[in-house]
A.B. asks: 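Following this message is one structure expressed as C-alpha cells.
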Amino acid sequence: MKNFLIVARSFSDLHEKYINIIRDYITGHGGMCILDLDTCTDTSETPVSVDDNIECIITVGGDGTVVRVAQNVTNRNVPIVGLNCGHLGYLCDMTVDNVEHCLEQLLNDNYKIDERMMLEGDLNVDPDNHFRALNDIVVASDAAGLFVLNLTVKVNGIQLYSHNCDGLIVSTPTGSTAYNLSANGPIVSPHADCIVLTPINPHTLNSRSIILSSTDEVEVIVTARHDEDEPKANVIYDGTLRQVLKKNEVLRIYRSNATSYMAMLENVNFLERIRARMQEI
C-alpha cells in the first residue's frame, strides 16, 4: 500500500513529532499521506471522510483514537493501524519505538487484516437514530453514580433480569479489555463471536457477566423504583454520550452490519499481548 490517511485527535508536541516522522517516512519512500485533525475529537459528529485512493488509516494517539476512527469511518472498509502515544494500547500495533519498522511493513504489504465485529443501538422512540460502537455500549446513570438505576434486561424478547445497579456494559470481544475489564468482566479473544453483558455495581450478590451469541438482540429498559420517579440514563457509545434513555423506553442493542478492519503488523498472540500490557500497568 502507498496511500495513507493520518488521523489524530489532538496536535500536541508529541503527536506532532510522530505525525511528522510518519509523513516524512511515507513520502520519502514513494508513498502519499493526507492529515486529518478535525473530525476525530470526542465531540465531533462529522464522519471521517476517506478518499477512494486511501488504502490505510494510521491513527496517532492511543486506543481511543482507533475506536473513534472505527466509529466514524462510514464510507470505506479501510484497515486501521494505530500508533500508541497513550497508555496501554491494546489496539495499537505501532509504538514510538517501532514506527519506521511498522511503516516499512505497510509499504511492503507485509501485514494481515483482522476483522472486528461492532455493535449498534437505537431507541424505540426513534429507531432511525442509531449509533455504532467498536468497544461497548454503556447504559449509566446521568448523576455519576449518585442515583441507582433499575434496569430490566431482555434477550431476544425474554427477560433475563431486573437489577438495581449503576449501569450496564454491553461489550464486543474487542471491548472486553476496556470498561468491561475494569468492571470485572471477562477478557474475551477478539476473534470470538459473542456479546458480553456486564452489570456495573449491581446491588445483588448473585450477579455475573453473561456471554451471549453475537446474533442475540439485547433490550434495556429503565424502570422506576417508585411510582413517582422519572428515571433516565445516558447511553454511551465507545465513551461518547449519544442518547438519553427515559423511563419505559427500550434501547435495542445488536450486532452491527458494519465491520472494523485492523491492519495487524506484529506477529503477537492475543494472550501474549494481554500479558505484556498487564505488566505495564
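On a predicted model such as this, the values are computed, not experimentally measured, just so you know.
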A.B. asks: Heavy-atom distance under 4.5 Å between the side chains of I210 and V196, does that happen here?
C.D. replies: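 Contact flag for I210/V196 side chains = no.
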A.B. asks: Decide whether V125 and I221 are clustered together by the hydrophobic rule: side chain heavy atoms of Ile, Leu, Val, Met, Phe, Trp, Tyr closer than 4.5 Å, transitively.
C.D. replies: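 Shared cluster, no.
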A.B. asks: Please tell me whether T65 and T59 have a donor and an acceptor in their side chains that are separated by less than 3.5 angstrom.
C.D. replies: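 T59 and T65 do not have a side-chain donor-acceptor pair below 3.5 Å.
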A.B. asks: Which heavy atom of V81 sits nearest to which heavy atom of A263, and what is that distance?
C.D. replies: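 Minimum heavy-atom separation between V81 and A263: CG2-O, 3.8 Å.
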A.B. asks: Start with the C-alpha gap between T95 and N84, add the side-chain angles, then the distance that decides, and say whether side-chain hydrogen bond (donor to acceptor under 3.5 Å, both in side chains) holds.
C.D. replies: CA-CA 5 Å; T95 69; N84 182 33; over 6 Å; no
A.B. asks: Looking at M262, M1, Q105, which one forms a side-chain contact (heavy atoms from CB on, under 4.5 Å) with Y111?
C.D. replies: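 The single option meeting the side-chain contact (heavy atoms from CB on, under 4.5 Å) with Y111 is M1.
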A.B. asks: Out of curiosity, L119 CG to D136 CG, how far, rounded to the nearest 0.5 Å?
C.D. replies: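 L119 CG to D136 CG: 8.5 Å, rounded to 0.5 Å.
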A.B. asks: Which atom pair, heavy atoms only, marks the closest approach of P186 to T198?
C.D. replies: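 Taking P186 first and T198 second, the nearest heavy atoms are CD-OG1, 4.3 Å.
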A.B. asks: Knowing that exactly one of R255, R252, H130 qualifies, which makes a side-chain contact (heavy atoms from CB on, under 4.5 Å) with E120?
C.D. replies: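 The single option meeting the side-chain contact (heavy atoms from CB on, under 4.5 Å) with E120 is H130.
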A.B. asks: Going hydrophobic residue to hydrophobic residue with side-chain gaps under 4.5 angstrom, can you get from I211 over to I169?
C.D. replies: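 The answer is no; the residues belong to distinct hydrophobic clusters.
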A.B. asks: So S214 and M117, side-chain contact (heavy atoms from CB on, under 4.5 Å) or not? Walk me through it.
C.D. replies: CA-CA 9 Å; S214 65; M117 67 169 280; 4.2 Å; yes
A.B. asks: With a 4.5 Å heavy-atom cut-off, do L151 and S162 have their side chains touching?
C.D. replies: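 Sidechains of S162 and L151: no contact.
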A.B. asks: Examine the side chains of Y237 and Q243 and answer whether a donor and an acceptor come within less than 3.5 Å of each other.
C.D. replies: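 Checked: Y237/Q243 side chains pair up, N/O donor to acceptor below 3.5 Å.
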A.B. asks: To the nearest 0.5 Å, what is the distance between CD on E100 and CG on L107?
C.D. replies: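 E100 CD to L107 CG: 11.0 Å, rounded to 0.5 Å.
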A.B. asks: Can you find a pair of side-chain heavy atoms, one from M264 and one from D93, that are under 4.5 Å apart?
C.D. replies: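 Yes. Closest side-chain heavy atoms under 4.5 Å.
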A.B. asks: Does one hydrophobic cluster hold both Y179 and V188, with members joined at side-chain heavy-atom distances below 4.5 Å?
C.D. replies: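 Hydrophobic grouping puts Y179 apart from V188.
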A.B. asks: Heavy-atom count check: over 12 atoms from other residues, nucleotides or ligands less than 6.0 Å from D126 CG?
C.D. replies: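 Yes, enclosed.
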A.B. asks: Would you mind checking if R116 and D114 are paired as a salt bridge, meaning a charged N to carboxylate O distance below 4.0 Å?
C.D. replies: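 A salt bridge links D114 with R116.
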A.B. asks: Only one of I19, L106, V69 forms a side-chain contact (heavy atoms from CB on, under 4.5 Å) with I58, so which one is it?
C.D. replies: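 Going through the options one by one, the only one that passes is L106.
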A.B. asks: Could you walk me through whether V218 and Y254 pass the side-chain contact (heavy atoms from CB on, under 4.5 Å) check?
C.D. replies: CA-CA 6 Å; V218 178; Y254 44 91; over 6 Å; no
A.B. asks: When you group the ILVMFWY residues by side-chain heavy-atom contacts below 4.5 Å and let the links chain together, are L245 and L197 in the same group?
C.D. replies: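 Both belong to a single hydrophobic cluster.
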A.B. asks: When you compare the side chain of L168 with that of V220, does any pair of heavy atoms fall below 4.5 Å?
C.D. replies: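 When only atoms from C-beta onward are counted, L168 and V220 do touch, with a gap below 4.5 Å.
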A.B. asks: To check you understand the geometry: which heavy-atom pair defines the closest contact between R132 and A258, and what is its length?
C.D. replies: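 Where R132 meets A258 most closely, the heavy atoms are NH1-CB, 3.0 Å.
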A.B. asks: Do L160 and I158 have side chains that approach each other closer than 4.5 Å (heavy atoms only, starting at C-beta)?
C.D. replies: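 Heavy-atom side-chain distance check fails, nothing below 4.5 Å.
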A.B. asks: Taking all atoms of both residues into account, what is the closest heavy-atom pair of G167 and L149, and its distance?
C.D. replies: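 Taking G167 first and L149 second, the nearest heavy atoms are CA-CD1, 4.4 Å.
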A.B. asks: Decide yes or no for I26 and K2: does some side-chain heavy atom of the first lie under 4.5 Å from some side-chain heavy atom of the second?
C.D. replies: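 I26 vs K2: side chains apart.
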A.B. asks: Any donor and acceptor pair, going by atom type alone, linking the side chain of T172 with main-chain N or O of N135 inside 3.5 Å?
C.D. replies: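 Yes; judged by distance alone, with no hydrogens or angles, the pair exists.
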A.B. asks: State the CG-OG1 distance between D63 and T177, to the nearest 0.5 angstrom.
C.D. replies: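 OG1 of T177 is found 7.0 Å from CG of D63.
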A.B. asks: Kindly indicate, with the supporting measurements, whether the criterion side-chain contact (heavy atoms from CB on, under 4.5 Å) is fulfilled by I34 and I54.
C.D. replies: CA-CA 9 Å; I34 300 171; I54 295 297; 4.1 Å; yes
A.B. asks: Kindly determine whether R242 and I236 satisfy side-chain contact (heavy atoms from CB on, under 4.5 Å), including the steps that lead there.
C.D. replies: CA-CA 6 Å; R242 297 295 190 187; I236 302 164; over 6 Å; no
A.B. asks: Answer yes if V50 and V66 sit in the same cluster of Ile, Leu, Val, Met, Phe, Trp and Tyr residues linked by side chain heavy atoms under 4.5 Å apart, and no otherwise.
C.D. replies: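 Both belong to a single hydrophobic cluster.
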A.B. asks: Search all heavy atoms of H15 against all heavy atoms of G61 and return the closest pair with its distance.
C.D. replies: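 Answer, listing the atom of H15 first, then G61: NE2-CA, 3.8 Å.
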A.B. asks: Under 3.5 Å, side chain of S176 to main-chain N/O of I187, donor-acceptor pair present?
C.D. replies: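 No, because the side chain of S176 does not come within donor-acceptor range (under 3.5 Å) of the backbone of I187.
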A.B. asks: When M94 is tested against each of V96, D97, N98 for side-chain contact (heavy atoms from CB on, under 4.5 Å), which residue passes?
C.D. replies: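 Among the candidates, only N98 passes.
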A.B. asks: Could you check whether any side-chain heavy atom of V7 comes within less than 4.5 Å of a side-chain heavy atom of V60, counting everything from C-beta outward?
C.D. replies: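 When only atoms from C-beta onward are counted, V60 and V7 do not touch, as no gap falls below 4.5 Å.
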A.B. asks: If you look at every heavy atom in D216 and I195, which pair is closest and at what distance?
C.D. replies: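 Shortest heavy-atom contact: O-CD1, 3.8 Å.
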A.B. asks: Rounded to the nearest 0.5 Å, how far apart are CG of L241 and CG of N234?
C.D. replies: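 Rounded to the nearest 0.5 Å, the CG-CG separation comes out at 4.5 Å.
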A.B. asks: Is it true that a side-chain atom of N156 and a backbone atom of E217 form a donor plus acceptor pair closer than 3.5 Å?
C.D. replies: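 Side chain of N156 to backbone of E217, a donor-acceptor pair under 3.5 Å: yes, one is there.
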A.B. asks: Measuring from N124:CG to N248:CG, what's the distance to the nearest 0.5 Å?
C.D. replies: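 N124 atom CG to N248 atom CG measures 9.5 Å (nearest 0.5 Å).
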A.B. asks: Do E55 and V78 have side chains that get closer than 4.5 Å, going by heavy atoms?
C.D. replies: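 E55 vs V78: side chains apart.
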A.B. asks: Tell me if the CG atom of N129 is crowded by more than 12 foreign heavy atoms within 6.0 Å.
C.D. replies: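 More than 12 within 6.0 Å, yes.
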A.B. asks: If I take atom OG from residue S207 and atom NE2 from residue H163, how far apart are they, to the nearest 0.5 angstrom?
C.D. replies: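 Spacing of OG (S207) from NE2 (H163) equals 3.5 Å.
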